[in-house]
Each structure stands twice: as C-alpha cells, then as structure tokens.
Amino acid sequence: MPRNQQGSNAGPPRKGDFDGLLQSLGLRWRSQSLVWATVNPHPVFAEVPPEIVFIVEHPENPDPFNDDSPITAGLQEIVLTFPGFIETRVGGGIPTLDAQPLMQTGVTSGDTEFSKLYETTPNGRLRAIANVERYASPQRYPLAMHVRGTIPRRVGEGAEDTVNVVMVSDADVIGEAFFALRREGSTDLSFDNVTFALNCIDVLVGDESFVTLRNHRPEHRTLTRVEAESQVYQDREFDEQNAAESAAQDQLTDAQERLNNQLAEIRARTDLDPTTRSIMEETVRRDETRRLEAVTAQIELEKQQRLLRARSELEQGVSAIQRRIKWIAAFVPPIPALMLGAVFFAVRYRREYLGEQDRLVEQ
C-alpha cells in the first residue's frame, strides 16, 4: 500500500539504516556515549570540558596518530568536539575486512553517557550538569577508523562489494572554525583538521599525490618536560575530583538510607493506627528532609573546598615547575661559555707566565 494511503498516523519513510551500515563494516557507534580525555596542551583552553578532545603527541598519548597510514602520517594535532564512541567488531565474522585506527586517545580518557552530561530544561533547552563524575577507562579510544576489504552482497546475488571507508566519530572535525584558522595562518592554534579531511578524500579516491606534501609543515615542539611534570598535578586534581564526588555520593546515600530505615521502622509498628502512622511518617520525612538538605549543603561546600585545594595545588605546582625551568634556562646556558672562558684564561695566563720566566732566564 502506498504510504500516503496508510492513514495520518504513518510516520515518514526511513531514509537509511546507519547502524546496519556500520554493522556491515564491522563497526559499532555508541551514539549516546561521548569520549573525553584529559590531554590539553593549550593553556588558553584550560576551562573547556574534557569532551573537547585534543589528539596530540603527549606523555599521556605518545602515539596519537597511525604513522603507517598516509592519511595521518606526519599530522601533529587534531581537535574533536564531543566525539562519539567507535567500537570495532572486525575479525568476528568479517575476516575479509581490515580496520586501522587512524587516531586515538591517550591512557587517561573515558566515555560518559550524554544523559549524565546534559539535562533538558523546562523550556526545552539543553543545560550542562555541574560536577559530572568521569571515570577513566583502561582502554584507548579510536576516534577514526579506515576500513578496507570486501563484503558479500545480499543473499542470492553471489558477488562481493569492495569497501574503502573512513569512519570519523565527530562530524565537526571539519567545522568552519578550522577552515577560518587555516585561512588566518595562526601559529598558536595550528590544527590539522582540514589536512586530515583532505587526506581522507584523496586516499579514498586513490590520488595520494598531494598527501605527503600536505603533511609536511613546520613541527611545533612543546615543552614536553613541563607537560610531563604538570601532568602529575593534573592527574592528582582529576583523582581528587573523583574522590570528592564519590565521598559526597556516599554521604548522601547514607543519609537517604537513614531516612528509609526510619520510615520502615514506623511502617513496621503494629501498635499505631493509620492516622498516627501517617503523621509520624510525615514528621520524620520532614525532619530528615531538612537534615538531608543541611547535610547536602555541607557536603557540597566540603566538595568545592577539596576541588579548590586541588586546583590551587595544580596551579602552584605548575607555576613552580615553570619558575624552576626559567631559572635553569637563565643560568645553565652560560655555564659552558664561562667554563670555556676560564680554560682559555688559564691557558693564556700559563703561557704568559712561562714567557716571563723565559725572558728572565735570558737576561
């Protein structure tokens, strides 16, 4: 029956089965999970959420890009905004496909459900949830995959289709902002998003003549020693945040259990009539709710104080590292020159002294 004759309750026709397409490629996209990572080499972006993922070489992520792929070989940094979660199922029933991760997060990363990050306000807008608990995962998350090989066609057709697909977990990888940065030629924020997209297109169409040339650009070296030492304080702050969140949740759970236990004791009493039982329950609920609100406020205050102390320790630790390296940079470089000058002075002084002795002997 034509769809326009099925009645007014018929929904719009489905345009495609994206999940089915990914399944045929041996991939799975968990659309409700967002990947986060703690690596952030840009102080100007210190306040952005960890769901803004910086794929860059770092002590926490020594091999962010696949150097064996022409798409990502030589790339230095890519930014993904709220990327999704790609899982691979290649090898489990699709032996004719080969999947290569093109870029991945470091060891301090994880994924969080979207519903735990944002909530819908009464006016229908999304609002970020404060103090979100994020737990690191032992795995590293691939954020782009290159899948190649063959897959069989539908049953009865007796043929195979060639597959050459690049799956990226963030459509904003080629947002207009990255093209604007490329046009401006900014050296402070020189991301490879546009280069990555162009490389994907060239490799997929089979023309790699510009890929190698495009990947060559001045390498921006970061202060890896500063980053490595600063990461210790950042990890400490992250652990302190998780500990504060966990302690707060435990205290709230204990307070709620006390309320539930008191209500259960009242309901279990057989010497109370329904009216008295209802009054006592309401009184206990009101008193415990008031006490719970006070405890919640105190817990929130203590949690914020712990987070502020962790943030202060982070800033002080990073500042101390930077001051120490500045002093080293100021005083260590002249030392070889001073030592060399001292050696030359000693040699010259010795020659002059020996020359004077020879002249005295001649006289």
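Everything quoted here is computed from the prediction, not taken from an experiment. Here, residue 1 is the first one in the sequence, and each next residue gets the next number.
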* To do: Might you work through the side-chain contact (heavy atoms from CB on, under 4.5 Å) test for Val343 and Met339, ending with a clear yes or no?
  => CA-CA 6 Å; Val343 171; Met339 295 178 61; 5.6 Å; no
* Do Asn164 and His146 pass the side chain to side chain donor-acceptor pair (under 3.5 Å) test, and can you show the C-alpha distance, the side-chain angles, and the key distance before you say yes or no? -> CA-CA 7 Å; Asn164 189 14; His146 189 187; 2.7 Å; yes
* Decide side chain to side chain donor-acceptor pair (under 3.5 Å) for Glu60 and Thr108; before the verdict, give the C-alpha distance in whole Å, the side-chain angles of both, and the deciding distance to 0.1 Å. => CA-CA 7 Å; Glu60 293 289 324; Thr108 309; 2.7 Å; yes
* **Stepwise side-chain contact (heavy atoms from CB on, under 4.5 Å) check, Met167 with Ile86** => CA-CA 9 Å; Met167 168 66 179; Ile86 301 178; 3.7 Å; yes
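When hydrophobic clusters are built by joining Ile, Leu, Val, Met, Phe, Trp and Tyr residues whose side-chain heavy atoms come closer than 4.5 Å, directly or via intermediates, Tyr135 is not grouped with Val107. Grouping the Ile, Leu, Val, Met, Phe, Trp and Tyr side chains by contacts below 4.5 angstrom, directly or via other members, places Phe18 with Leu97. Following chains of ILVMFWY side-chain contacts shorter than 4.5 Å, one cannot reach Ile201 starting from Phe210, and the two form parts of different hydrophobic clusters.
With hydrogens and angles disregarded, no donor-acceptor distance shorter than 3.5 Å links the side chain of Thr72 to the backbone of Phe65. For the pair Asn193 (side chain) and Gly175 (backbone), a donor-acceptor distance under 3.5 Å is absent. With Ser169 contributing its side chain and Leu143 its backbone, the two residues share a donor-acceptor pair below 3.5 Å. Panel note: side chain Ser278, backbone Pro274; no donor-acceptor pair is recorded below 3.5 Å. With hydrogens and angles disregarded, a donor-acceptor distance shorter than 3.5 Å links the side chain of Asp273 to the backbone of Thr276. Side chain of Asp202 to backbone of Ser209: no donor-acceptor contact under 3.5 angstrom is found.
Ring-plane geometry between Phe85 and Tyr141 is classed as perpendicular, the angle between the planes exceeding 60 degrees on a 0 to 90 degree scale with a lower cut at 30. His42 and Phe54 have tilted rings, their planes meeting at an angle from 30° to 60° on a 0 to 90° scale.
The shortest side-chain heavy-atom distance between Phe178 and Ile78 does not fall under the 4.5 Å cut-off. Taking the side chain as every heavy atom from C-beta outward, Pro64 and Met103 never approach each other to under 4.5 Å. No side-chain heavy atom of Leu34 sits less than 4.5 Å from a side-chain heavy atom of Thr112. Side-chain atoms of Arg140 and Asp63, non-hydrogen and from C-beta on, do get closer than 4.5 Å to each other. For the pair Leu75 and Asn199, the minimum side-chain heavy-atom distance is below 4.5 Å.
Applying the salt bridge (charged side-chain N to carboxylate O under 4.0 Å, His left out) definition to pairs two or more places apart or across chains, none involves residues 332-346.
The environment of CZ in Arg286 is crowded: more than 12 heavy-atom neighbours from other residues, nucleotides or ligands sit within 6.0 Å. No more than 12 heavy atoms of other residues, nucleotides or ligands shown are found within 6.0 angstrom of CD1 on Ile174.
Considering OG of Ser109 and CG of Asn61, their distance stands at 8.0 Å, rounded to 0.5 Å. Distance check, rounded to the nearest 0.5 Å: CZ of Arg148 to OG1 of Thr150 gives 13.0 Å. If you take CH2 on Trp29 and CG on Leu22, they are separated by 8.5 Å, rounding to the nearest 0.5 Å. Going from atom CD1 of Ile328 over to atom CZ of Arg323 covers 13.0 Å, rounded to the nearest 0.5 Å. Rounding to the nearest 0.5 Å gives a distance of 6.5 Å between OG1 of Thr275 and CD1 of Ile279. For the atom pair CG of Asp170 and CD1 of Ile52, the computed distance is 8.5 Å after rounding to the nearest 0.5 Å.
Minimum heavy-atom separation, Gln104 to Ile55: O-CD1, 3.8 Å. Contact record, Asp98 with Gln100: OD2-CG, 3.8 Å, taken as the closest heavy-atom pair. When all heavy atoms of Asp111 and Trp36 are compared, the closest pair comes out as N-NE1, 3.5 Å. Closest of all the heavy-atom pairs between Pro50 and Arg134 is CG-NE, 3.5 Å. Residues Asp192 and Gln76 approach most closely at OD2-N, 2.6 Å, considering heavy atoms. Closest approach of Ser115 to Ile129, counting heavy atoms only: O-CD1, 3.7 Å.
With Ile71 as the fixed residue, the side chain to side chain contact (heavy atoms under 4.5 Å, CB included) test singles out one of Leu204, Leu198, Val203: Val203.
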